[in-house]
Amino acid sequence: MTDKVHLGHRARKRFGQNFLFDEMIIDKIVTAIDPKPEDNLVEIGPGLGAITEPVSELSGHLTVVELDKDLALRLTEHPFLGPKLTVHQSDAMKFDFSTLINDERKLKVFGNLPYNISTPLLFHLFEFADNIEHMHFMLQKEVVKRMVAGPGSKTFGRLSVMTQYYCHAMPVVEVPPECFKPAPKVDSAVIRLIPKKPEQRTAKSTKILNTVCLEAFNQRRKTLRNSLANLLTADELTSIGIDIKLRAECLSLQQFIDIANWIYDNKQ
């Protein structure tokens, strides 16, 4: 049996499957999630149930979203886990998480996200921020670093701005490759995301905010005068209080919001 087979299931590369098995790491993740019987818990990509099982023991029930048909069926038919799960065999990238709201309880979402789709999946989940109490995700360590990076850092970029616009973000635990089967070629880390209250998110259009970030960081070595030239003139940037000689990585979250709101008010 190769290291790509774990508990009788062969990891599928197209789904980015790497199965966590280290009990110490699993315990730390479950402790961070802190599941309770009254919680509305949702796991993305439960895989072979390494985290699903201990969470279900503490909560009694949870919803899982699993793309792999074989794994979804395996969970549904599991003699112990099956009765505790509501299984959605579905693509999390297209899933409407608002349909899982019940009794006005917000969702507590967690999962080991495939590295190849982690960023677009995070952006999809941010759309449901008002329905989520907190999220805990296993991601590539470099992705976590980018999510929590501050202005002035070389890793500060669009993912940093958009993550911190929607959520308070903090690393929880680092996870080396040998904790998985098969072992990935990168280090991993778990991040905790706590969505901000709606009144704390002051962009008039998150679509425009995202566009500003895309333009600003697409050519991050250029000054803002040049990188944002498709959106604003140098004089317009100056009127907002932005130093056009700076690069995008030097702006604060609030300054990105200010630019987006100015575009919304003046160029719609």
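One is the number of the first residue; the rest follow in order along the sequence.
The environment of K94 atom NZ is sparse: at most 12 non-hydrogen atoms of other residues, nucleotides or ligands sit within 6.0 angstrom. Within a 6.0 Å sphere centred on CZ of F217, other residues, nucleotides and ligands contribute more than 12 heavy atoms.
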Could you walk me through whether Y165 and K196 pass side-chain contact (heavy atoms from CB on, under 4.5 Å), step by step? CA-CA 8 Å; Y165 175 75; K196 294 179 177 178; 5.9 Å; no
Verify side-chain contact (heavy atoms from CB on, under 4.5 Å) between L48 and R74, making sure each step is shown before the conclusion. CA-CA 8 Å; L48 294 168; R74 178 173 175 147; 3.6 Å; yes
Applying side chain to side chain donor-acceptor pair (under 3.5 Å), run through D96 and S98 and close with a yes or a no. CA-CA 5 Å; D96 182 358; S98 66; 2.5 Å; yes
After noting the C-alpha distance and the side-chain angles of T63 and H88, does the key distance pass the side chain to side chain donor-acceptor pair (under 3.5 Å) rule? CA-CA 8 Å; T63 300; H88 292 271; 5.3 Å; no
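Q219 and S227 are not linked by any side-chain donor-acceptor pair at a separation below 3.5 angstrom, with hydrogens and angles left out of the test.
Distance check: K245 NZ to C250 SG gives 12.0 Å after rounding to the nearest 0.5 Å. Note that the CG atom of D187 and the SG atom of C179 stand 9.5 Å from one another [nearest 0.5 Å]. The CG atom of N131 lies 10.0 Å from the OG1 atom of T99; values are rounded to the nearest 0.5 Å.
Under 4.0 Å is where a charged nitrogen must lie from a carboxylate oxygen, and between R105 and D39 no such pair does. Between E174 and K28 there is no salt bridge, since none of the side-chain N atoms of the basic residue sits less than 4.0 Å from a carboxylate O of the acidic one.
For the pair S188/K141, no side-chain contact is recorded, criterion being any heavy-atom separation below 4.5 Å from C-beta on. Within the 4.5 Å cutoff, the side chain of L62 has heavy atoms near those of the T52 side chain.
Taking the ring centre of F126 as origin, the terminal cationic atom of R201 falls outside the region bounded by 6.0 Å and 45° from the ring axis.
Residue I44 forms a side chain to side chain contact (heavy atoms under 4.5 Å, CB included) with just one option from L67, N112, V64, L113, and that option is L113.
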